[in-house]
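First up is the structure itself, then whatever we jot down about it.
Throughout, a chain's letter reflects where its sequence line sits, starting with A, and its residues are numbered from 1.
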Protein chains: 2
Amino acid sequence: MQKSGGQDQGNPAGQIAARSRGRPRAFDRDAALEQATQLFWRKGYAATSISDLTEAMGIGSPSLYAAFGSKEELYAEALRHYAERYEFRVWGNFRAAATAREAIMVFLRDSTAALTGSCGSNGPLGCMVTLSAVGSEGHAELGERVRVARRVGLTRIEDRLSRAVSAGELAGKVDIPGLARFFVAVQSGMSILARDGATRAELEAVASNAMRAWPETAG
Amino acid sequence: MQKSGGQDQGNPAGQIAARSRGRPRAFDRDAALEQATQLFWRKGYAATSISDLTEAMGIGSPSLYAAFGSKEELYAEALRHYAERYEFRVWGNFRAAATAREAIMVFLRDSTAALTGSCGSNGPLGCMVTLSAVGSEGHAELGERVRVARRVGLTRIEDRLSRAVSAGELAGKVDIPGLARFFVAVQSGMSILARDGATRAELEAVASNAMRAWPETAG
DNA sequence: GGAATTATATATCGAGCGATGCAGAAATCG
DNA sequence: CGATTTCTGCATCGCTCGATATATAATTCC
């Protein structure tokens with residue numbers, strides 16, 4: 001439908017791309033994308049209008065369409081931006097943890113901070129990916145992207161738990177996908193609690209309770 | 001804004017109201033409300049248009065406005081309808097359970113069926129109340145109704161757990177609001193998993209894992 | 001039957017939606 | 001410099017949104 005090309009401004013390593021000719025863009029594309037992301041994050045896809053976006057981004061609609069193509073493409077790029085800019089708050093320490101149990105623990109604990117905005121983030125409450133309902137709103141392609149993003153988290157946990165089985169930290173009979181889905185479900189539930197105004201301390205209690213479900217090592 | 005009165009057709013006990021004069025309504029109001037409920041449930045408030053609604057309900061827009069007042073009022077009534085028509089699938093056995101532990105267990109187990117449509121329900125996947133984002137979409141009053149509905153579930157569990165403390169089933173030192181919020185979070189997370197296509201068996205595994213977090217009676 | 005009352009069907013309403021056409025401004029290239 | 005290229009601001013496109021005015025059909029009351 002759209003001439004998808006665009007200018008591929010998203011260069012891989014933050015480098016300034018080869019200078020194009022013609023009039024230069026008058027706004028900071030990344031800053032505008034950040035504003036759009038937060039708006040989609042807070043209000044969802046359907047309830048966010050182009051007017052809302054252009055006002056928050058401080059640009060006119062032709063500039064928006066020149067830089068991002070369409071509302072759908074902008075949302076897709078906002079999802080990418082969100083993953084790059086915010087997900088490390090939840091997954092950063094997860095990767096570095098020595099044991100799977102600690103990994104899950106910091107995953108849940110860091111989530112309490114990220115979801116309630118207690119980590120210095122200026123973002124809205126809850127997780128943009130978890131709370132997105134764009135797939136149910138009649139935008140199948142975007143919905144699939146969101147589902148994939150959700151599945152990434154599940155797979156990360158599954159992989160970490162599988163490694164724990166190999167390392168003897170978990171018994172081989174443990175249902176790894178089931179356990180992984182449980183922890184993902186807990187974090188998803190925390191997103192909804194956060195959006196309803198739950199405090200970080202309240203989410204900490206949820207996380208502590210969830211950790212009690214950790215399988216007995218039966219040592 | 002609107003002349004809110006209407007005809008108060010929702011009589012308390014399913015009785016047929018005193019026959020009004022004039023031309024009778026040509027459609028079944030409850031059946032139409034059921035259709036509207038399922039549409040809001042599946043697509044959300046913002047993404048559901050009046051055209052969608054009138055088509056699904058099989059009526060013209062003037063009939064919709066005569067019967068329900070406005071889109072917002074229709075959504076509010078759909079929430080009420082949803083609570084009356086669907087919530088017993090999740091909470092019915094909860095009330096009858098002998099112990100708090102069994103109550104939570106059947107609450108989660110019945111949720112797996114209700115959320116995946118495995119209970120003979122023809123409804124969409126997931127919970128309409130849990131997954132609603134109407135409050136973030138700029139409709140504060142509806143958002144508050146949804147938040148209240150979500151809080152009802154939390155309070156039910158809190159009350160049941162408190163009774164369990166009184167009955168000696170749980171130790172007095174247990175953080176009841178925290179434990180209640182944990183189980184609510186698990187069920188909310190199951191709603192999102194269900195909407196993403198999780199099977200009932202997968203949700204059963206989530207429920208089983210969650211039950212392992214039940215506090216030790218330390219007998 | 002005739003008057004009064006109420007619901008429906010058709011055809012819109014103004015507003016806002018997502019998206020563009022166009023002319024001018026601002027840069028690079030020769 | 002002039003030619004070319006690209007972006008921006010203004011105005012607006014066609015469309016759909018939520019919501020109604022109007023005329024007609026269907027019922028009750030007398």
- Message: Tell me whether the rings of A:Tyr45 and A:Phe40 are parallel (<30°), tilted (30 to 60°) or perpendicular (>60°).
- Response: parallel
Return the nearest nucleotide to the side chain of [X]; candidates are [options].
X	options	value
B:Arg23	C:dA9, D:dA26, D:dA19	D:dA26
B:Tyr65	D:dA19, D:dT27, C:dA19	D:dA19
B:Ser49	D:dC17, C:dG18, C:dA4	D:dC17
B:Pro62	D:dT4, D:dT20, D:dC10	D:dT20

What integer distance in Å separates [X]:[atom1] from [N]:[atom2]?
X	N	atom1	atom2	answer
B:Asp52	D:dG18	CG	P	8 Å
A:Lys71	C:dT20	NZ	P	14 Å
A:Ile50	C:dT20	CD1	C1'	12 Å
B:Glu73	D:dG18	CD	P	15 Å
A:His139	C:dC17	NE2	P	14 Å
A:Phe27	C:dA25	CZ	P	20 Å
B:Phe68	C:dT8	CZ	P	11 Å
A:Ile59	D:dC10	CD1	P	14 Å

- Query: Are B:Arg80 and B:Glu84 close enough for a salt bridge, meaning some N to O gap below 4.0 Å?
  - Reply: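 Not counted as a salt bridge, because no side-chain N and carboxylate O are separated by less than 4.0 Å.
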- Task: In plain terms, say whether A:Arg200 and A:Glu204 are close enough for a salt bridge, that is, a side-chain N and a carboxylate O under 4.0 Å apart.
- Result: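 So A:Arg200 pairs with A:Glu204 through a salt bridge.
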- Message: Check the phosphate of D:dC17 against B:Ser51, side-chain N and O only, distance under 4.0 Å to OP1 or OP2. Yes or no?
- Response: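 It does, given that an N or O in the side chain of B:Ser51 lies less than 4.0 Å from OP1 or OP2 of D:dC17.
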- Under 4.0 Å between a side-chain N or O of A:Ser63 and OP1 or OP2 of D:dT8?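 It does, given that an N or O in the side chain of A:Ser63 lies less than 4.0 Å from OP1 or OP2 of D:dT8.
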- Item | Sole residue of A:Glu77, A:Glu34, A:Met57 in side-chain contact (heavy atoms from CB on, under 4.5 Å) with A:Arg29 | A:Glu77
- Query: Pick the nucleotide of DNA chain C nearest each of A:Glu72 and B:Ser61; which residue has the one closer to the 5' end?
  - Reply: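 Final value for this comparison: B:Ser61.
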- Task: Consider only side-chain N and O atoms of B:Asp52 and B:Ser49, and report whether a donor and an acceptor are under 3.5 Å apart.
- Result: yes
- Task: Tell me what A:Thr48 touches on the nucleic acid: a base, only sugar-phosphate, or nothing, going by heavy atoms under 4.0 Å.
- Result: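 Here A:Thr48 touches the backbone only, sparing every base.
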